[in-house]
Amino acid sequence: MSAEDDLSRDAFLDGQIHVFQPKRGYRAGVDPVLLAAATPARSGQTVLELGCGAGVASLCLHARVAGLSLTGVEVQPFYAALAQRNAVENGADMTVCVADLRDLPQDIRARSFDHVIANPPYYERARSTASEDEGRDIALAGETPLATWVDVAARRLAPKGYLTMIQKADRLPELLCALEGRLGSVRVRAVQPRVGRVAELVLVQARKSGRAGFVLEPPLIMHQGLRHERDGESYAENVLKILRSGADLPWSR
């Protein structure tokens, strides 16, 4: 476990939450913030985050929606401890357990949740180069198939509950195949760096017992302009509202 000097205390949502993270290794960026923004949770609901890391996605969701009951599952004890510490630091009703999602504790397997959220590793272990930092390596390159993430999420969802995930765009076919027969009412939103650029990420939502047809949402364009032309931030106005003010990213009705 890293010493205190190896941690940084980082602000998200313009300081609405503060999160301890390792200075080296896996560090949360905008991806968990987008995941939280795309989760249509309401006060009083329950949320399970699979692979919660230091807890950034759940805590961003907590900052936007008061009164949530949050549960995090994290396979790495160090990150799980950070997530629990961060939950206390930010006054969130969040319990974090150390577990492999393929072997959840009985108390979690006995529950159902209104929402399951996840930011699974973006790369398959067999196709990725190992990082020198073990924590970063586990976070970015996983051995657990996406189909297992979806299956575990589906089993833990309450009737009509929502799964919301963020993943690399090139793994969308794999993710859609995993959803087939498990969850319905699938929606996909591409996340593009700029207009005219290929999407690097996708946000995917599906519903337990959902029967609506597939919806391809308008893309989220992260930056203004066709290219990077100046130093400093160039986020689009709606993206700034998400990253700075904790605004939601609504799905079409």
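Please read all numbers here as calculations on a predicted model, not as lab measurements. Note: hydrogens, waters and symmetry copies are ignored here, and every other heavy atom, side chains too, is used.
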- Closest non-hydrogen atom pair between A199 and A169, with its separation: O-CB, 3.5 Å

- Per side chain to side chain contact (heavy atoms under 4.5 Å, CB included), F113 is matched among T71, L70, L163 by T71

- Quick one: do I166 and V150 end up in the same hydrophobic cluster if we chain Ile, Leu, Val, Met, Phe, Trp and Tyr together by side-chain heavy atoms under 4.5 Å apart? no

- Is there a side-chain contact between I108 and P105, using heavy atoms and a 4.5 Å cut-off? yes

- Would Y235 and V30 satisfy side chain to side chain contact (heavy atoms under 4.5 Å, CB included), going step by step from the backbone distance to the final call? CA-CA 11 Å; Y235 286 118; V30 301; 3.7 Å; yes

- Item | Over 12 foreign heavy atoms within 6.0 Å of CD, Q106 | yes

- Query: Does the side chain of L13 reach to within under 4.5 Å of the side chain of I242, using non-hydrogen atoms?
  - Reply: no

- Query: S252 versus V215: any side-chain heavy-atom pair under 4.5 Å?
  - Reply: yes

- Looking at CG of L203 and OG1 of T164, how far apart are the two atoms once the value is rounded to the nearest 0.5 Å? 8.5 Å

- Can you find a heavy atom in the side chain of E200 that is under 4.5 Å from one in the side chain of V191? no

- Using the side chain to side chain donor-acceptor pair (under 3.5 Å) rule, pick out the option among K23, R27, Q21 that qualifies with S8. R27

- Same cluster (ILVMFWY, side-chain, under 4.5 Å), F78 and L101: no

- For V33 and C60 the tightest heavy-atom approach is CG2-SG, 4.0 Å

- Query: For the residue pair L157 and Y162, what are the closest heavy atoms and their distance?
  - Reply: CD2-O, 3.3 Å

- Message: So which atom in R187 and which in E217 form the shortest heavy-atom distance, rounded to 0.1 Å?
- Response: NH1-OE2, 2.9 Å

- Message: Can you tell me how far apart CG (D151) and CZ (R102) are? Round to the nearest 0.5 Å.
- Response: 12.5 Å

- Query: Do T39 and R64 have side-chain atoms, one donor and one acceptor, less than 3.5 Å apart?
  - Reply: no

- Message: When you compare the side chain of P121 with that of Y26, does any pair of heavy atoms fall below 4.5 Å?
- Response: no

- Message: Quick one: does any side-chain atom of E74 pair with a main-chain N or O of Q76 as donor and acceptor, under 3.5 Å?
- Response: yes

- Item | In one Ile/Leu/Val/Met/Phe/Trp/Tyr side-chain cluster, 4.5 Å: F214, L179 | yes

- Task: Decide yes or no on side-chain hydrogen bond (donor to acceptor under 3.5 Å, both in side chains) for E89 and H18, but give the supporting numbers first.
- Result: CA-CA 8 Å; E89 171 89 1; H18 288 84; 5.8 Å; no

- Message: Counting only heavy atoms from other residues, nucleotides and ligands, does the tally under 6.0 Å from NZ of K168 exceed 12?
- Response: yes

- Distance in Å, L146 CG paired with E174 CD, rounded so as to fall on 0.5 Å steps: 4.0 Å

- Task: Before giving the answer on side chain to side chain contact (heavy atoms under 4.5 Å, CB included), spell out for D31 and Y122 the whole-Å C-alpha distance, their side-chain angles and the decisive distance to 0.1 Å.
- Result: CA-CA 11 Å; D31 301 5; Y122 285 158; 2.7 Å; yes

- Query: When rounded to the nearest 0.5 angstrom, what is the spacing between CD in Q167 and CG in N119?
  - Reply: 7.5 Å

- Do the side chain of R111 and the main chain of D107 share a donor and acceptor less than 3.5 angstrom apart? no

- Message: Determine whether a donor-acceptor pair (N or O, by modelled atom type, separation under 3.5 Å) exists between the side chain of K208 and the backbone of L183.
- Response: no

- Query: Around atom CZ of R109, are there more than 12 heavy atoms of other residues, nucleotides or ligands at under 6.0 Å?
  - Reply: yes

- Rounded distance (nearest 0.5 Å) linking atom CG of L34 with atom CG of L243: 6.0 Å

- Query: Under a 4.5 Å side-chain heavy-atom rule over Ile, Leu, Val, Met, Phe, Trp and Tyr, are V186 and L249 clustered together?
  - Reply: no

- Quick one: do D100 and V73 satisfy side chain to side chain contact (heavy atoms under 4.5 Å, CB included)? Show the steps, please. CA-CA 8 Å; D100 189 311; V73 173; over 6 Å; no

- Query: Hey, does the side chain of Q45 reach the backbone of R42 with a donor-acceptor pair shorter than 3.5 angstrom?
  - Reply: yes

- Message: Tell me whether R9 at atom CZ has more than 12 heavy atoms from other residues, nucleotides or ligands lying less than 6.0 Å away.
- Response: yes

- Stepwise, does the side chain to side chain contact (heavy atoms under 4.5 Å, CB included) test hold for V239 with R244? CA-CA 8 Å; V239 174; R244 302 290 179 258; over 6 Å; no

- Note on the structure: For N86 and A54 the tightest heavy-atom approach is ND2-O, 2.9 Å

- Query: So do the side chains of M165 and P120 get within less than 4.5 Å of each other, counting heavy atoms only?
  - Reply: yes

- Is there a side-chain hydrogen bond (donor to acceptor under 3.5 Å, both in side chains) between S234 and Q224 once you walk through the steps? CA-CA 6 Å; S234 60; Q224 301 174 6; over 6 Å; no

- Query: Taking a hydrophobic cluster as the set of Ile, Leu, Val, Met, Phe, Trp and Tyr residues connected by side-chain heavy atoms closer than 4.5 Å, whether directly or through intermediates, do L240 and M222 fall within one such cluster?
  - Reply: yes

- Item | Nearest atoms (heavy-atom pairs only) where E49 meets A57 | OE2-CB, 3.5 Å

- Message: With a 4.5 Å cut-off on side-chain heavy atoms, are P22 and D6 touching?
- Response: no

- Query: Is the backbone of A212 close enough, under 3.5 Å, to the side chain of S185 for a donor and an acceptor to pair up by distance?
  - Reply: yes

- Without swapping roles, check the side chain of H62 against the backbone of N90 for a donor-acceptor pair under 3.5 Å. yes

- Do Q205 and W251 have side-chain heavy atoms sitting under 4.5 Å apart? yes

- How long is the gap from OG1 on T46 to CG on D114, to the nearest 0.5 Å? 3.5 Å

